[in-house]
Structure formats: C-alpha cells, structure tokens
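Here's the structure we're looking at; comments come further down.
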Amino acid sequence: MIGTATPALTEQGSWAMDDLLWNLAQPLLPPAPSHERGGRTRIDDKTILRAIFYILRTGIQWRALPFGFGVAATTVHARFQEWRAAGFFERLHAAALEAYDEAGGIQWEWLSVDGAMTKAPLGQEATGRNPTDRGKSGTKRSVVTDGRGQVLGIAVAGANRNDHLLLGRTLDAIVVPRPEPSPDHPQNVCLDKGYDYAAARDALAERDYTAHIRSRGEEQRSIRDLPGYRARRWVVERTHSWMNRYRRILVRWEKKVDNYLAMLQLACANRTIHAAAALAAP
C-alpha cells in the first residue's frame, strides 16, 4: 500500500539518505534471493534503503510512505525485516565505527553510559510502565558512547528497568573490538548517580573499566573549583538528544524489540559515518 504524493525526493533535505551512507551500506547488504524460476523484478536495494531511512527520519507509518519512492510500503517493510534478520543493521553500525576509528575517531579513554526513556504505544517486547509518563507503556534505550559522543553499543529494555541493571548489557553490546586497557591507557566510564550501586561497580570491575560516578551538581562544582577540569558525561546526554531528532526513535512504534534496535543502529551508523568523513577531511 502506498500513501499520498510528495515533493521530489531531492528537495527533502535532511530527510533524505545521502551517498555517504549508501556507499557504506552497499557492500554489507545480504545477497538477493535467486529468481531463476521467474517472478517479479526485485526493487533495487538503494531505493529500499532510502525509503527505510525516510521512515526513520520522519517517523511516519510504513503504509504512509510517499508515492515519490515508487515502491509499495509492504515491499519496503518486508525488505527491512529480511535485512534485520540477516544482521545487516548491526554490521552497518560496526562498519561506520570502524571507518570512524580509522580516521582517528574512537576515544576509548573516556566512555559514558546513560539511559533514556521514550513512549512505546504499540511496543510489546522490552517495554514497561514508564514512571515519568503516568505509568504508560514505555521503553528505555541504554547507550555507551566514546569521548566524542559516538554510540558504541545499545541495549533496550522496559522503561521501568533501572539504569544500573542495564550497565553490563550495554557495555557488552559494543559492536567493535575493544582495545585492551592498561595502566597507561585505562578505559574510564562516566556515570551519574543512578549507577551508584554495588552491582554497577561490580559490572565495571569485571570488564576492567574504571568507574567515575558523579551527580550533575558534583560535576559543576568540579568545573568551578578545579582548574583544568573537563566535564565528560555530558556527551552521552547530548547523544540522546540528537537521537530524538530521528522521529521513529523519539516514539517507538515497533512491536518487536529487534526492529526497534535496527532503527537505532541505522541512525547511529548514519551519524558516525558522517563524523568519520568530517575527521578524514583535509
């Protein structure tokens, strides 16, 4: 089913996928099924990915996909499910981080972790009563970022899941190989007071991370009282704010948690590959 007409896709600015993301994605896509016995001509992958990206950016329903894409929404959704099951979106996120790292990007010395809750009106898996939204259905995304705020790993749970209980899962979700920490090159993790529990400290120690747990007030006092002190935890809060600009993430409509995670990974891959390109530019 296809929705109403729309202006030319080239006029849609930030809602449209650019070639930087497509060039990263193309070699990672799973092979198309064989059509030796006939059947309809398969819609090209670039058109499908552009449509998925448009849905991610705008937050529209699948069935509201504009005519301008020239493809049925059911076809786009079926290909999305096919790619998600094949692990494409996780590979895309990892490939973007690898390009970012090659450009000198990943800062492993100072990581940050934090969770953010969003509405999940239709969510079924990994949802719970949101204590900040009158107990309505909600979901929580927990992310770990590098020192510049690029997402390294994501975990999803119900909105009623405490942040510190997701810490181990979040750190284990990092999609690229982690360098071995050492006394000269430790890997510090900045956290707020929501993680000030023995379970969180144990999760960090088991994985050889160094914990830095501060409240916002304590961090502000350090900035004021310690010359040369640099605030570090704010990058993960900025990242959550940035992620909410992708309207399919701002409100979770996916019933399956794996579909929601795939949308998160696509958004992170797009941001990271553009960060890599900016670092690599002369």
Side-chain angles (χ1 to χ4, degrees), residues 90 97 106-118 120 123 125-226 229-241 243 252 257 260-261 264-265 268:
E90 182 174 340
L97 284 169
I106 296 182
Q107 295 185 346
W108 289 98
E109 185 177 358
W110 289 99
L111 308 181
S112 298
V113 179
D114 200 10
M117 292 179 286
T118 62
E125 302 173 349
T127 60
R129 294 171 63 86
N130 188 339
T132 67
D133 191 25
R134 295 173 292 172
K136 294 181 179 179
S137 177
T139 195
K140 175 174 287 185
R141 61 173 189 263
S142 176
V143 303
V144 51
T145 69
D146 80 330
R148 288 192 176 97
Q150 296 300 323
V151 176
L152 304 177
I154 313 166
V156 179
N160 56 345
R161 185 77 166 169
N162 290 337
D163 284 341
H164 74 279
L165 298 177
L166 280 174
L167 180 57
R169 274 184 55 196
T170 306
L171 295 171
D172 292 342
I174 293 176
V175 296
V176 289
R178 173 194 172 198
E180 195 70 28
S182 68
D184 292 333
H185 299 283
Q187 292 176 15
N188 306 283
V189 179
C190 300
L191 304 158
D192 63 24
K193 279 293 185 181
Y195 295 87
D196 193 11
Y197 293 88
R201 296 181 185 277
D202 290 345
L204 291 168
E206 290 169 3
R207 294 162 177 81
D208 205 12
Y209 289 105
T210 303
H212 295 265
I213 302 177
R214 288 177 176 268
S215 70
R216 184 169 301 179
E218 289 173 333
E219 193 160 68
Q220 290 299 319
R221 287 193 295 273
S222 296
I223 294 170
R224 183 180 64 246
D225 300 335
L226 299 177
Y229 178 83
R230 179 182 176 186
R232 300 186 184 276
R233 185 172 54 83
W234 65 274
V235 296
V236 69
E237 297 173 350
R238 179 190 63 183
T239 295
H240 277 300
S241 177
M243 293 174 81
R252 173 185 162 183
V257 66
Y260 179 59
L261 183 58
L264 290 167
Q265 290 165 339
C268 292

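Because only heavy atoms are used, hydrogens play no part in the values below, and waters and symmetry mates are left out as well, while side chains stay in. The structure displayed is predicted, hence computed values, not measured ones.
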Validation row: [X], [Y] side chains within 4.5 angstrom (heavy atoms):
X	Y	value
S142	D163	no
S112	E237	no
I106	V176	yes
H185	W108	no

At their closest point, which heavy atom of [X] faces which heavy atom of [Y], and how far apart are they?
X	Y	result
H164	A199	CD2-CB, 4.3 Å
Q107	D146	N-OD2, 3.1 Å
D196	R201	OD1-NH2, 2.8 Å
W110	C190	CE3-SG, 3.5 Å
P179	Q187	O-NE2, 2.7 Å
A116	H240	CB-ND1, 3.3 Å

Tell me, yes or no, whether the heavy-atom count around R129 atom CZ, taken from other residues, nucleotides or ligands under 6.0 Å, exceeds 12.
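No.
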Heavy atoms of other groups near E125 CD, more than 12 under 6.0 Å
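It does: E125 CD has more than 12 such atoms within range.
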After noting the C-alpha distance and the side-chain angles of L191 and L167, does the key distance pass the side chain to side chain contact (heavy atoms under 4.5 Å, CB included) rule?
CA-CA 10 Å; L191 304 158; L167 180 57; 4.2 Å; yes
Rounded at 0.5 Å granularity, tell me how far [atom1] in [X] sits from [atom2] in [Y].
X	Y	atom1	atom2	value
M117	N160	CE	CG	9.5 Å
E109	D184	CD	CG	10.5 Å
D114	L166	CG	CG	11.0 Å

Once side chain to side chain contact (heavy atoms under 4.5 Å, CB included) is applied, do any residues pair with A120, and if so which ones, sequence neighbours excluded?
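Applying side chain to side chain contact (heavy atoms under 4.5 Å, CB included) to A120 gives T127, S137, T139, R252.
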Listing, residues 202-212 side-chain donor-acceptor contacts under 3.5 Å, not counting sequence neighbours, or none:
| from | atom 1 | to | atom 2 | distance (Å) |
| --- | --- | --- | --- | --- |
| R207 | NE | D172 | OD1 | 2.9 |
| R207 | NH1 | A203 | O | 2.9 |
| R207 | NH2 | D172 | OD2 | 2.9 |
| Y209 | OH | R178 | NE | 3.3 |
| H212 | NE2 | N188 | OD1 | 2.9 |

Output a table of donor-acceptor pairs, distance under 3.5 Å, between side-chain atoms of residues 148-158 and any protein atom two or more places apart or on a different chain; print 'none' if there are none.
| from | atom 1 | to | atom 2 | distance (Å) |
| --- | --- | --- | --- | --- |
| R148 | NH1 | G104 | O | 3.4 |
| R148 | NH1 | G105 | O | 2.4 |
| Q150 | OE1 | T272 | OG1 | 2.9 |

